[in-house]
Each structure stands twice: as structure tokens, then as C-alpha cells.
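Written out below as C-alpha cells is the structure these notes cover.
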Amino acid sequence: MNERDILFGLHELPGIGWKTIEAMVAAKALKHAANRDADALRSAGIEEGKAARMVRELTREWIEERKERYRKLGYRVICRYDPEYPALLAETPWPPWVLYVRGDVKWLASRLSFAVVGTRTPTQYGRKTAETLSRKLAEHGWCVVSGMARGIDTAAHRGALSAGGTIAVLGTPPDRVYPPENVRLLEAIAESGVIVTEYPLGTKPHPGLFPRRNRIIAGLALGTLVVEGSASSGALITADYALEASRDVFAVPGPITWPQSAGPNALIRQGAKLVTGVEDILEEYVHMINLQNGGSSPAAAQSVTPRPGKPVRPHDAPAGTSWSEAAHLNPDERSVLAHIAAEPVSVDELQRRSRLDFGHLHSILLSLTMKKQIEQLPGFLYIRS
């Protein structure tokens, strides 16, 4: 067995997580698992129980049987160091070790991908806006990334499919479709776009899978647009991951009386770029692509190199003003900031100290990050900027 097979096999084993695989890769211990050498695995820092399990279960027959199950479903297995692995995703702090992919993998190589996300319960305005913006992005040669959920995600995929390609990032394993009413949409994406998940067959569905997959949505894209969402919407988690990966954040404004507008309006207040038309997105990347003739083809999109993303400075801040000078913190932001110092602190510890509910705390942390008061480290740790 080669080390790629072992990487795949480790990812398939329940109880072997991202950090264990990271430790094995860093210690060059994949070869020890390939050689079924328990002593060498323990010497590399793998705990005894996990080492014994790897030696016992990672057989050639078991790995080939697992591969065949994906082939029968029409899925390819792409590992972290395969040439087909998406370059933008590889640049993020927490890239998946293995992706299960169905459809046209050329879309994963696109350097012009943009995420469109939002609430599962949109208004007609939000649904139409997501569909229209996604269609126009596709017309300009961009690949639209979203999460296949009800509402805004579904509208984004439909709009993109009408004019180009789209990437659907699932929060479920390949053999489960959620929501079930999107079966036909998923098949259409398999024909004209690409479906991606990091969850192996046998993964039990639970709500925690969906926030985690949001890092893939943000990681595959140069920027993330939030169309609608409440103040505690999962779409804000995607925006948070975009910031962590140094990507751009955009938001569509909405009426202040609509609950679905609370999230995007807060993002705009915190510095995200306001979007009222596709031009507001395209002008941020005009250096990457010649838009004079109305866009570019996906083929041309492959050859460009993205600039590093950056959060947008507050619109009312004069030129030369730093983020710290421009950041006017409200009492909640100042209170949370007081609990963050030079040493990393976890979000769980911040919730314990601040006694705020998770949704409100997450919104404050996102605001402080965009105002450059704090930095987010991998694993949802925070330090002062």
C-alpha cells in the first residue's frame, strides 16, 4: 500500500480525526501505518490504542473495498496532495485531508470561484437576489459555491446552473441527500457542476456537520457573499471562515425590520462590502480578469492567480485611517475584547467568561475580527491583534 491509500484509509476510520492525521503527516508516520508497524507508530507519538487499530484494520482488502463503494456511487476520491486538490482550499488553515467528488472536477481548479450563502428561510427578495447574482457571476465565467441547503443556497445553485457551473458542498456523506427535495438539483449539478463532501460513507448525520462544512465553502472561494440571514445564521459562520482564510466578505443589505436582514446588515456595519449588483463584486477582482467584453470563460479563469483576500476597511473611514482607529466598539464588543489577550483563548472559554449565548458571542467575535481588534487562529482560538 502507498501512503495515499493510507491517508484515505485513515480518513475512513471512525475515531481518527483531522488532528490525528495532521500529527501523522507531520511525523512522516503514514509509512509506518502502510508497513503496519505499531511500534514505529507509537514512537511517532500515536497513542497505543489508535496505533493498534490502524495496524489491525488498515488492510489492503479493506481499503480497496471502501474505494469500490465510492466508485459504485460515481464518486472520486481526491486526497490532500493529489494534483486535482483545489488550490484555494489548500491555502486555508484547516483543509480537509480527503474529498469525495462527483461531477466535473475542472470546476475545482477554477481560480475564479465565489461563495453565495444565506438563510434556509429567505424572503422572495432574498431568493431572487441570490439567483440573479449567481446567474450573472456565472455569465462572467465565475463558478458559484454554496452549501446545497434550502433557501438561499438552492437559489444560488439554480442561478449558477442556468449560465455556467456550480460547486455544491454537502454537509452529509455521498449516500445521503439533504434536503430530500433537492434530489433533482443534485443530479443536475452532477451533470454540469461538481458535488463535494468530506464526510465518508457511514457518517451519522447531525447538526454539527453543517457548520464544519462551511469552511470548505469559504475555502473554495475568493470571496463570500451573505444574502440573507439572522444575527445567528450559519451563513455568518461561513463569513467567519472566509476571514480566517484571508478572503473577502460581501453582504446584500435589506430592510432593518426584516429578521433575515440582521446578519448582512451587521456585516456591512462591521466592514463587509455592500452589494447591490454583480458589478460591486466584479470590481474587486478587475485586476484578475478582463471584463471589457463582458467577462471571461471558465478556461481563462484557470490561468489567473488570485490576490490575497482582505477584509474591506470601513466605508466611512478616511484614507490612511487604520482599522483600530476606525473601529468604534460597542459595549458588548469592549466587554468580550477584555477577555482576549496575547495568549490564545478558545470560544468555549470566552462563552464561559462572557456568559453570552453562542449566537451573540459569535457575532461579536466576527465584528472584532473584521475591525482588526482580534485574530482568529485555527481551532476557533482568538488572540489580540
Side-chain angles (χ1 to χ4, degrees), residues 1-102 105 108 169-176 196-206 208-209 212-213 215-216 219-220 244-245 344 346 377-381:
M1 290 184 291
N2 57 40
E3 293 187 4
R4 182 189 182 279
D5 286 341
I6 293 299
L7 184 60
F8 163 72
L10 288 169
H11 192 263
E12 292 287 301
L13 277 180
I16 303 297
W18 192 94
K19 290 185 177 180
T20 297
I21 298 177
E22 179 188 38
M24 291 186 67
V25 170
K28 303 187 186 311
L30 294 180
K31 60 184 178 182
H32 302 322
N35 295 332
R36 307 184 73 184
D37 189 337
D39 291 337
L41 285 169
R42 287 193 293 269
S43 297
I46 306 303
E47 63 182 66
E48 184 172 354
K50 288 183 178 180
R53 187 175 177 206
M54 291 174 194
V55 170
R56 182 177 65 253
E57 299 191 29
L58 291 179
T59 65
R60 186 183 305 276
E61 293 75 19
W62 184 82
I63 288 174
E64 288 303 318
E65 185 274 332
R66 297 292 294 186
K67 287 182 180 178
E68 182 60 23
R69 293 180 66 185
Y70 292 102
R71 282 192 288 265
K72 287 181 178 178
L73 288 172
Y75 276 80
R76 294 180 56 177
V77 176
I78 297 178
C79 292
R80 172 68 177 78
Y81 300 110
D82 288 345
E84 301 92 344
Y85 194 92
L88 284 173
L89 186 59
E91 296 168 2
T92 61
W94 187 18
W97 292 109
V98 175
L99 295 173
Y100 307 100
V101 178
R102 181 183 172 202
V105 296
L108 295 181
V169 184
L170 307 184
T172 58
D175 58 341
R176 291 181 178 268
V196 177
T197 181
E198 70 169 326
Y199 299 119
L201 292 168
T203 302
K204 293 182 179 180
H206 61 85
L209 298 180
R212 180 178 171 183
R213 69 87 199 266
R215 81 189 197 286
I216 302 177
L220 286 167
E244 185 181 18
S346 71
L377 304 177
F380 282 101
L381 299 174

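Just so we're clear, the structure is a prediction, and the values are computed from it rather than from any experiment.
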**OP:** Would you check if P96 and R80 make a side-chain contact, meaning some heavy-atom pair closer than 4.5 Å?
**Re:** no
More than 12 foreign heavy atoms under 6.0 Å from CD of E65: is that the case here?
-> yes
Smallest heavy-atom separation, P173 atom then P200 atom, equals CB-O, 3.3 Å
Check: Below 4.5 Å, heavy atoms only, C-beta onward: do L89 and L220 meet side chain to side chain?
Finding: yes
In terms of heavy-atom contacts, A29 and A44 come closest through CB-CB, 3.8 Å
Q) Does any non-hydrogen side-chain atom of N2 lie less than 4.5 Å from one of I6? A) no
Note to self: Does this structure show an ion pair linking E68 with R71, if we count only N-O contacts that are shorter than 4.0 Å?
What the structure shows: yes
Might you work through the salt bridge (charged side-chain N to carboxylate O under 4.0 Å, His left out) test for R69 and E64, ending with a clear yes or no?
CA-CA 9 Å; R69 293 180 66 185; E64 288 303 318; over 6 Å; no
Self-check item: Close side-chain approach of E198 to R212, heavy-atom, < 4.5 Å
Solution: yes
Per side-chain contact (heavy atoms from CB on, under 4.5 Å), C79 is matched among D5, L99, L7 by L7
Original post:
Can E84 and R76 be said to form a salt bridge (charged side-chain N to carboxylate O under 4.0 Å, His left out), step by step?
Top reply: CA-CA 11 Å; E84 301 92 344; R76 294 180 56 177; 3.2 Å; yes
Discussion item. For R66 and L201: C-alpha separation, side-chain torsions, deciding distance, then whether side-chain contact (heavy atoms from CB on, under 4.5 Å) applies.
Written reply: CA-CA 9 Å; R66 297 292 294 186; L201 292 168; 4.1 Å; yes
Exactly one candidate in V196, T92, L108, I216 meets side-chain contact (heavy atoms from CB on, under 4.5 Å) with P86; the answer is L108
Partner of R4 under side-chain contact (heavy atoms from CB on, under 4.5 Å), picked from L30, V98, V77, is V77
CD1 (I16) and CD1 (I21) are apart, to the nearest 0.5 Å, by 7.5 Å
Correct closest heavy-atom pair for A51 and I46 would be N-CG2, 3.9 Å
| query | Yes or no on salt bridge (charged side-chain N to carboxylate O under 4.0 Å, His left out) for E47 and R42, after CA distance, side-chain angles and deciding distance? | reply | CA-CA 6 Å; E47 63 182 66; R42 287 193 293 269; over 6 Å; no
task: Apply side-chain contact (heavy atoms from CB on, under 4.5 Å) to L73 and R102, showing your working.
output: CA-CA 9 Å; L73 288 172; R102 181 183 172 202; over 6 Å; no
side-chain contact (heavy atoms from CB on, under 4.5 Å) assessment of R53 paired with K50:
CA-CA 5 Å; R53 187 175 177 206; K50 288 183 178 180; 5.6 Å; no
### Task
State, with a plain yes or no, whether a side-chain heavy atom of R213 is found less than 4.5 Å away from one of Y199.
yes
Checklist entry - How are the rings of Y81 and W97 set relative to one another: parallel (under 30°), tilted (30 to 60°) or perpendicular (over 60°)? => result tilted
* To do: Show your working on side-chain contact (heavy atoms from CB on, under 4.5 Å) between R36 and T59 and close with a plain yes or no.
  => CA-CA 9 Å; R36 307 184 73 184; T59 65; 3.6 Å; yes
Margin query: I'd like to check L209 versus T172 (side-chain heavy atoms, cut-off strictly below 4.5 Å). Are they in contact?
Written below: no
Take atom CZ in R56; do more than 12 heavy atoms of anything else shown fall under 6.0 Å from it? yes
Notebook entry, point to check: Any sub-3.5 Å donor-acceptor pair from W94's side-chain atoms to W18's backbone N or O?
Noted result: no
Using 30° and 60° as the class limits, which term best fits the ring planes of H11 and Y100: parallel, tilted or perpendicular?
tilted
* Is the closest basic N to carboxylate O distance between R215 and E244 below 4.0 Å? -> no
Problem set entry | Student check: side-chain heavy atoms of P205 and R176 closer than 4.5 Å | yes
- Any side-chain heavy atom of L41 sitting closer than 4.5 Å to one from M24? yes
Do any N or O atoms from the side chain of D82 and from the backbone of Y85 form a donor-acceptor pair under 3.5 angstrom?
-> no
